[in-house]
Amino acid sequence: MSQRKNKTGSKNPTRKQQAERVRRAELQERRAKEAAEARARTKKIFTVVVCIILVLALGIPTMALTVLSL
């Protein structure tokens, strides 16, 4: 990949360009971190919902059998 010259004609990026590149990298890193946290939170919620469904699926028939066996 060849380097392009900036407006002044030099191959080195200016301080402004470097600052912009750093700012964009930090923004991308923050967004990636937020996305990872959102995925983790969604996974926890899904796990809790599945556990509740399993408890109900096993508990309701057990209670029905207990009541009907009396």
Identify all side-chain donor-acceptor contacts of residues 42-50 below 3.5 Å with residues at least two apart in sequence or on another chain.
unit_1, atom_1, unit_2, atom_2, d
Thr42, OG1, Ala38, O, 2.8
Thr47, OG1, Lys43, O, 2.8

For residues 30-37, which side-chain N or O atoms pair as donor and acceptor with protein atoms under 3.5 Å away, sequence neighbours left out?
unit_1, atom_1, unit_2, atom_2, d
Arg30, NH1, Glu34, OE2, 3.4

Could you tell me the separation between the CE atom of Met63 and the CD1 atom of Ile60, rounded to the nearest 0.5 Å? 10.0 Å
Rounded distance [0.5 Å steps], CG in Asn12 versus CD in Gln18: 8.0 Å
Would you kindly confirm whether Leu65 and Leu56 end up in one hydrophobic cluster when ILVMFWY residues are joined by side chain heavy atoms under 4.5 Å apart? no
Main chain of Ala25, side chain of Gln28: is a donor-acceptor contact present, judged purely on distance under 3.5 Å? no
